[in-house]
Amino acid sequence: MVHVRDRHWAEEIADEILKQGRGPHEISTGISPSGEIHIGNLREVITADVVYRVLKERGVEVTLDYVADNFDPLRKVYPFLDASVYTGHIGKPLSEFPCPCGGHPSYAAHFLEPFLASLERLRIKVKVHFADQMYKSGLLVPQIIQALRGRDAIARILHECTGRHVEPEWSPFNPICGTCGRMTGTLVAGFSERDKTVDYTCPCGGRGTVSMRGGGKLTWRVDWPARWARLPVTIEPFGKDHATRGGSYDTGALICREVFKAPPPFPVTYEWISFKGKGELKKSKGNILSVHRMLEVVPPEILRYMIVKTRPMRSIGFDPGLPLLALVDEFDDAASRGRDPRALQLAGADQFTPVGVPFRHLVNVVQMADFDLDQAVVILKRNNYPVADAAALKERAGYAIRWLREFAPPEVKFSVERTLPAAASGLDGGQRAFLARLASALRPGMNGEAIHALVYDLAKEAGLEKATAAFEAIYLAFLGQPKGPRAGWFLAFLERDFTIARLREAGRAAA
RNA sequence: GGGCCGUUAGCUCAGCUGGUAGAGCAGCUGACUCUUAAUCAGCGGGUCGGAGGUUCGAAUCCUCCACGGCUCACCA
């Protein structure tokens with residue numbers, strides 16, 4: 001009996017959600033732009049997007065939003081930051097100090113901009129809420145007041161769920177000091193519901209009164225449910241770090257109910273994507289792979305496919321090296337054989353243009369073409385690949401080129417040497433004889449297959465026991481390494497005079 | 001210590017609304033004068049982590065255990 005999964009995980013989640021109410025629904029995602037937004041974070045928005053698409057298909061009224069938490073304070077100087085510049089910004093909201101390159105309005109915008117551009121390429125349409133705007137516009141003032149009033153209830157919830165006793169002076173609201181610009185360490189001294197202001201003192205010596213409209217921020221465990229209540233959010237995906245017992249979802253759900261008097265959203269927890277072989281993805285450790293960078297190397301639908309095909313709670317190991325090729329192949333294979341259709345559909349693959357050339361092969365071709373895309377197309381045509389859509393093909397080839405530069409392991413790389421490689425001096429007599437014969441036997445107009453056949457004939461004539469030795473001779477003569485792309489097609493591509501001259505030179509008996 | 005996930009063929013995994021196990025790759029055989037993870041055809045390969053339980057029947061449900069991974073426990 002063959003079991004075929006006809007229920008995609010997103011369908012199961014949608015079933016659960018609809019049991020709780022037909023909507024309207026709002027799916028909320030959110031990532032703090034404290035550094036490059038990486039592929040691990042991408043799971044959040046893709047998971048949300050897939051649930052969104054399924055609900056939409058079922059005729060449910062649903063919106064998808066992304067809260068860019070740019071009002072979060074900078075926690076520390078990350079390894080990728082200049083300590084002399086950023087030490088002074090620790091504790092300030094990410095939207096309120098300059099970015100590393102100087103080309104963006106703020107630190108947060110520097111990381112947000114490429115990510116939001118990536119979302120478009122991934123065909124994820126989100127309504128973006130900027131946290132600083134949510135605060136500055138006064139949108140969250142009602143929740144800030146509720147939180148300040150409910151301070152003791154919140155403290156009790158935190159204690160009951162986490163065992164943590166908050167300090168007597170603790171407040172759910174962190175004012176931003178008007179003197180030093182920091183929000184870490186400030187203490188609430190009082191507040192006015194009428195004026196919508198909060199009085200504070202700061203360790204820097206500063207004291208004063210700030211507006212509830214952008215003068216500070218709710219602390220994370222309160223900020224999150226405040227958003228749920230305000231927007232309001234009915235579905236929220238989050239990483240498993242928040243899902244632990246007593247974690248921020250647990251406390252958030254209680255705070256949402258008891259303090260903000262609103263039902264908490266349906267939780268969708270997801271596992272993290274681990275970066276295979278190179279340690280985990282941690283923004284704080286500087287070991288990250290940005291979504292933006294990944295999209296230069298993997299077509300968006302394939303990145304989506306990787307996440308969509310895997311249930312959210314299962315971990316995904318991501319290796320951008322050789323295994324990435326397997327992923328691309330798996331995708332192409334599934335697409336051409338109609339396997340896993342639901343995942344492909346949800347990956348957005350229906351808009352995908354098949355290029356008809358295995359990615360693996362493209363990796364070779366672009367190298368033969370010396371990274372010239374037009375030349376790559378010429379080669380493919382010569383090798384009888386159906387080049388139906390040259391633009392689509394070039395686009396794919398572009399991915400291959402960038403992959404080669406960024407992530408390809410050395411064994412799949414090669415380049416044609418301008419002069420006889422030193423390694424060719426190690427050729428033995430038989431191999432040299434073979435190369436010399438090959439030089440004489442090459443005729444204009446021979447295609448790859450003909451040359452390939454020729455290699456076998458001449459190898460035998462030259463007394464080489466195995467064809468392998470002949471191939472090795474060719475590769476050493478042109479690439480300076482013992483292996484390379486399919487020899488016949490490879491030689492057919494090279495300029496003939498150059499090829500013959502090189503074969504002759506390499507074939508000359510050693511001194 | 002708490003939480004979550006996993007443990008199925010050499011490897012990566014699918015199969016989890018219960019009916020004596022599947023795919024891809026690797027391996028082996030054969031064909032193509034054939035090497036770049038070539039193509040085609042075929043073959044072998046698993047006490048489904050362990051022990052109990054429910055059932056006519058369990059990889060699939062329940063309980064316990066073992067091992068592995070991640071995560072939380074300071075802050076968000």
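Chain A is the first sequence line, chain B the second, and so forth, proteins listed ahead of strands; every chain is numbered from 1. Only this structure's heavy atoms are used, side chains among them; waters, hydrogens and symmetry mates stay out.
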Asker: Indicate yes or no: does A:Lys19 engage A:Glu16 in a salt bridge with an N to O separation below 4.0 Å.
Answerer: yes
Asker: Quick one: do A:Glu271 and A:Arg43 satisfy salt bridge (charged side-chain N to carboxylate O under 4.0 Å, His left out)? Show the steps, please.
Answerer: CA-CA 9 Å; A:Glu271 250 285 358; A:Arg43 193 165 196 179; 5.7 Å; no
Asker: Take A:Arg402 and A:Phe407, measure what side-chain contact (heavy atoms from CB on, under 4.5 Å) needs, and give me the verdict at the end.
Answerer: CA-CA 8 Å; A:Arg402 292 185 293 269; A:Phe407 301 110; over 6 Å; no
Asker: With nearest nucleotide decided by heavy atoms, which residue, A:Thr269 or A:Ala487, maps closer to the 5′ end of RNA chain B?
Answerer: A:Thr269
Asker: OP1 or OP2 of B:A14 sitting under 4.0 Å from any side-chain N/O of A:Arg314?
Answerer: yes
Asker: Do A:Tyr305 and A:Leu346 touch side chain to side chain, with heavy atoms closer than 4.5 Å?
Answerer: no
Asker: Pick the C1' atom in B:C16 and in B:A31, then give their distance to the nearest Å.
Answerer: 42 Å
Asker: Ignoring hydrogens and geometry beyond distance, is the side chain of A:Ser315 in donor-acceptor contact with the base of B:G69 at under 3.5 Å?
Answerer: no
Asker: Taking the same atom, P, in B:G49 and in B:G10, what whole-Å distance lies between them?
Answerer: 13 Å
Asker: Any salt bridge linking A:Arg502 with A:Glu417? Criterion: basic side-chain nitrogen under 4.0 Å from a carboxylate oxygen.
Answerer: no
Asker: To the side chain of A:Tyr456, which of B:G2, B:C4, B:C34 is closest?
Answerer: B:C34
Asker: Determine the Euclidean distance between corresponding P atoms of B:C62 and B:U47; express it in Å to zero decimal places.
Answerer: 25 Å
Asker: Starting at the 5' end of RNA chain B and moving along, which residue's nearest nucleotide shows up first, A:Arg245 or A:Ser248?
Answerer: A:Arg245
Asker: Please give the distance between the C1' atoms of B:A51 and B:G45 as a whole number of Å.
Answerer: 27 Å
Asker: Mind calculating the distance between NE2 (A:His452) and P (B:C32) to the nearest angstrom?
Answerer: 14 Å
Asker: For atom C1', what is the distance between B:A59 and B:G50, given to the nearest Å?
Answerer: 14 Å
Asker: Round to the nearest Å and state the distance from A:Ile316 atom CD1 to B:A14 atom P.
Answerer: 11 Å
Asker: Can you tell me how far P of B:G24 sits from CG of A:Leu327, to the nearest Å?
Answerer: 18 Å
Asker: Rounded to the Å, how far apart are A:Met313 CE and B:C16 C1'?
Answerer: 15 Å
Asker: Apply salt bridge (charged side-chain N to carboxylate O under 4.0 Å, His left out) to the pair A:Lys217 and A:Asp223, showing each step before the final yes or no.
Answerer: CA-CA 7 Å; A:Lys217 184 183 197 280; A:Asp223 177 68; 3.5 Å; yes
Asker: So what does A:Asp72 touch, heavy atoms closer than 4.0 Å: a base, only the sugar-phosphate, or nothing?
Answerer: sugar-phosphate
Asker: B:C74 P sits how many Å from A:His159 NE2, rounded?
Answerer: 13 Å
Asker: Could you state the atom-to-atom distance from CZ of A:Arg221 to C1' of B:C74 in whole Å?
Answerer: 11 Å
Asker: Apply the ring pair (Phe, Tyr, Trp, His ring centres under 6.0 Å) test between A:His242 and each candidate in A:Tyr270, A:Trp272, A:Trp224; give the one that qualifies.
Answerer: A:Trp224
Asker: Could you work out the separation of B:A26 and B:C13 based on their C1' atoms and round it to a whole Å?
Answerer: 14 Å
Asker: In dot-bracket notation, what is the pairing pattern of RNA chain B, taking Watson-Crick (N1-N3 plus N6-O4 or O6-N4) and G-U wobble (N1-O2 and O6-N3) contacts under 3.5 Å, with [ ] crossing and | for other strands?
Answerer: ((((((((.[[[[.)...(..]]]].(((((.......))))).....[[[[[..)....]]]]])))))))....
Asker: Could you check whether A:His38 and A:Ser290, counting side-chain N and O atoms only, form a donor-acceptor pair closer than 3.5 Å?
Answerer: no
Asker: For the P atoms, the ones on B:C64 and on B:C43, what distance do you get once it is rounded to whole angstrom?
Answerer: 44 Å
Asker: Rounded off to whole Å, could you give me the CG-to-C1' distance for the A:Asp241 and B:A73 pair?
Answerer: 13 Å
Asker: Taking the side chain as every heavy atom from C-beta outward, state whether A:Cys161 and A:Leu254 have any pair of such atoms under 4.5 Å apart.
Answerer: yes
Asker: How close or far is atom P of B:C34 from atom CD1 of A:Ile474, stated in whole angstroms?
Answerer: 15 Å
Asker: Taking only the P atom of each, what is the distance from B:G3 to B:A38 in whole angstrom?
Answerer: 48 Å
Asker: Closer than 4.0 Å, any side-chain N/O of A:Arg164 to the OP1 or OP2 of B:C75?
Answerer: yes
Asker: If you look at every strand shown and take non-hydrogen atoms under 4.0 Å, does A:Tyr475 touch a base, only sugar-phosphate, or nothing?
Answerer: base
